[in-house]
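Indexing begins at 1, ligand by ligand and atom by atom, following the structure's order. Because only heavy atoms are used, hydrogens play no part in the values below, and waters and symmetry mates are left out as well, while side chains stay in.
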Amino acid sequence: MSDTEVLRERRLRVEAAWSSAEFDGPVLIPASLPIPIDGTDQFHEFHAHPEFQYLTGVAEPGAALAWEPGDGWTLFAPSLSVEDLVWMSAPPSADELAAETGVSRSVDRSELAGWLESRRGRGMALLGSRDVELRATEYGVESWSSLEAVVDEEATERLGKALAELRRAKDAVELDRMTRAVDAAVFGHLAAQRLARHGLTERALQIEMEAEFFRRGGARTAYGSIVGSGPNSAILHGTPGERVMSDGELVLIDAGAEIEGYASDVTRTFPVSAEFTGIQRDLYNVVLAAQQEAIAGAGPGVEYKSLHMQASATIAQGLVDAGILRGSVEELVAADAHALFFPHGLGHMLGLSTHDCAGYLEGRVPEDRFGLAYLRTDLPLAPGYVVTIEPGIYFVPALLTDPARRERYAEMVNWDVVDGLLDFGGIRIEDDVLITGDGCEVMSEALPKSADEIEAIRRDGLGAANG
Ligand code: GLY
Ligand code: MN
Ligand code: MN
């Protein structure tokens with residue numbers, strides 16, 4: 001099946017879902033407009049609204065898609081003035097967009113005002129970017145308010161939910177893009193793992209890793225790359241800086257590439273020298289065991305939250321074995337003691353955004369509990385879903401020196417041991433996992449993760465540098 005046919009099928013599924021959502025009004029889905037950078041005559045990097053990109057497969061600034069039962073899809077393609085064309089590349093024509101997206105009725109965006117005018121006063125669902133309400137003129141619509149456009153908020157929410165649910169399972173075009181994004185990430189991580197050494201900055205690793213992402217087809221990073229050395233490896237979303245790494249420390253890299261709108265999201269943790277220290281290796285193996293168990297358990301029908309709870313128990317047991325926690329695993333997890341060291345969820349949906357939509361089943365909400373508050377996914381898994389699996393163990397000084405927590409967990413934590421590890425940093429291992437009909441596939445499995453394999457890469461990298 002061609003990409004265009006896959007896109008057409010995708011829209012047919014959406015039409016069926018929207019038709020059964022019992023709304024017979026028009027639906028408008030703007031792609032969003034570029035956002036100007038103050039003090040320049042350029043724009044921030046453009047991110048199309050994921051709903052527009054899902055429905056069209058393209059990320060065209062200032063375009064809009066419309067749908068109406070009985071009337072079908074219309075794509076409004078922006079064109080630039082002669083003056084603008086002096087400064088900017090020409091966007092694809094309406095005909096080119098029709099060929100790429102399979103939306104046969106693709107017209108110049110100047111027709112959007114008329115399309116809206118002929119629906120004056122009717123309730124409309126407004127998905128995609130809502131910038132059209134504030135910046136209508138930039139979509140070629142003189143004034144949003146004078147159109148008396150009535151956005152039916154209830155229908156907008158209903159249709160948005162139906163669309164989000166459909167977006168969970170990835171189709172062939174999406175999986176092709178995601179596979180390429182993951183592959184680019186794997187090469188970038190390998191480059192950084194080979195390059196790391198005593199005396200290098202976090203920023204130097206980031207630069208070389210991202211260069212490899214881009215050489216391998218990445219349009220940009222999927223999110224701000226996280227590179228933390230030593231204590232910085234415990235900052236969950238730490239920004240790489242000029243900190244110089246030293247032998248004996250860990251480096252945590254959480255980074256992914258984006259290709260045609262689709263994200264990859266991969267984490268590895270490795271030693272600056274060729275080998276893990278004893279405690280680093282012990283705790284690394286605890287995180288690895290938790291991750292591998294979760295991957296082994298992932299499959300259709302499995303509740304993602306149960307994987308998180310199993311990982312929490314494995315981490316709690318590992319921390320007991322390391323002399324950091326005290327007590328039964330059941331009691332420790334029930335009291336969220338493990339979350340002092342694993343203060344985030346097991347992972348999230350991945351796709352057009354790093355934290356892709358619809359991670360919670362309709363009717364479920366995050367629990368207001370330390371160990372579950374940051375769990376971004378709570379649903380039964382199904383074929384085609386792509387999720388991350390990313391447990392970790394961290395020594396976050398802010399958490400571990402907080403007097404209230406010290407008091408609450410006075411008995412469950414061996415605080416003397418913890419005090420000796422406050423500058424340990426953190427360990428996270430993250431893979432991108434596709435749920436299949438009978439289990440799962442690790443999309444990022446080409447990136448090694450056993451302690452022995454990591455040390456072999458490090459020895460090789462250091463040898464290459466010295467040889
Ligand atoms: N890198 C962001 C995340 O793992 O959620
Ligand atoms: Mn990540
Ligand atoms: Mn992630």
Side-chain angles (χ1 to χ4, degrees), residues 47 50 168 170 178 181-190 192-193 202 205-206 209-210 213 218 220-229 232-241 250-259 261-270 284 287-288 290-292 294-295 298 304-305 307-308 311-312 315 339 342-360 366 372-379 381 385-394 396 425-435 440 442-447 449:
H47 290 260
R168 284 191 188 124
K170 306 301 184 251
M178 294 188 78
V182 171
D183 289 349
V186 167
F187 280 109
H189 275 265
L190 276 172
Q193 281 180 33
E202 297 165 348
L205 283 194
Q206 177 199 9
M209 172 183 66
E210 292 184 359
F213 288 178
R220 58 188 169 206
T221 61
Y223 50 93
S225 299
I226 297 158
V227 181
S229 61
N232 286 355
S233 54
I235 306 172
L236 298 187
H237 284 174
T239 309
L250 292 171
V251 183
L252 182 154
I253 299 186
D254 178 347
E258 183 184 305
I259 292 188
Y262 285 81
S264 53
D265 180 7
V266 177
T267 308
R268 290 291 184 269
T269 309
F270 55 87
Y284 185 90
V287 177
L288 183 63
Q291 206 237 8
Q292 286 177 323
I295 289 171
Y304 190 86
K305 191 180 187 175
L307 299 177
H308 173 82
S312 300
I315 285 171
F342 175 32
H344 60 77
L346 184 64
H348 49 87
M349 310 288 284
L350 188 67
L352 272 170
S353 311
T354 307
H355 294 171
D356 207 18
C357 62
Y360 271 66
L372 288 169
Y374 291 99
L375 182 60
R376 298 189 197 280
T377 313
D378 183 6
L379 40 61
L381 297 170
Y385 289 16
V386 179
V387 293
T388 69
I389 296 196
E390 49 177 309
I393 291 180
Y394 314 85
V396 181
I427 296 163
R428 175 162 68 254
I429 305 172
E430 175 175 27
D431 282 304
D432 301 340
V433 174
L434 166 67
I435 306 303
C440 69
V442 180
M443 298 175 76
S444 42
E445 83 172 334
L447 190 60
K449 62 187 172 187

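Each of the atoms 4 (O), 5 (O) of ligand 1 lies under 4.0 Å from some heavy atom of Glu390. The ligand atoms of ligand 1 that sit less than 4.0 angstrom from a heavy atom of His348 are 3 (C), 4 (O), 5 (O). Set against the non-hydrogen atoms of Glu430, the atoms of ligand 1 under 4.0 Å away are 4 (O).
In this structure, a donor-acceptor pair under 3.5 Å is present between the side chains of Gln206 and Glu210. Side chain to side chain, His344 and Tyr394 meet the donor-acceptor criterion of an N or O pair below 3.5 Å. Looking only at atom types and distance, the side chain of Asp432 has no donor-acceptor partner in the side chain of Ser444 under 3.5 Å away.
Ligand 1 has at least one atom lying under 4.0 Å from a heavy atom of His355. In this structure, His237 has a heavy atom closer than 4.0 Å to ligand 1.
Checked against the Mn ion (ligand 3), the N, O or S atom of Asp265 at the shortest distance is OD2. Restricting Glu430 to its N, O or S atoms, the one at the least distance from the Mn ion (ligand 3) is OE2.
A pairwise comparison of heavy atoms in Ala257 and Ala181 identifies O-CB, 3.6 Å as the closest pair.
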- Full working for side-chain contact (heavy atoms from CB on, under 4.5 Å) between Phe342 and His308: CA-CA 11 Å; Phe342 175 32; His308 173 82; 3.8 Å; yes

- Task: Report the C-alpha distance between Thr354 and His348 in whole Å, list the side-chain angles of each, state the deciding distance to 0.1 Å, and finish with yes or no for side-chain contact (heavy atoms from CB on, under 4.5 Å).
- Result: CA-CA 8 Å; Thr354 307; His348 49 87; 4.1 Å; yes

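The Mn ion (ligand 2) has no N, O or S atom of Glu390 closer than 2.8 Å. Note on His348: counted as a metal contact of the Mn ion (ligand 3), an N/O/S atom lying under 2.8 Å.
The closest side-chain heavy-atom distance from Leu252 to Asp254 is below 4.5 Å.
Using a distance-only test at 3.5 Å, with no hydrogens or angles considered, a donor-acceptor pair links the side chain of His189 to the main chain of Val266.
Looking at Thr354 next to ligand 1, no N or O pair under 3.5 Å apart turns up.
Given atom 3 (C) of ligand 1, the protein heavy atom at minimum distance is Asp265 OD2, 3.4 Å.
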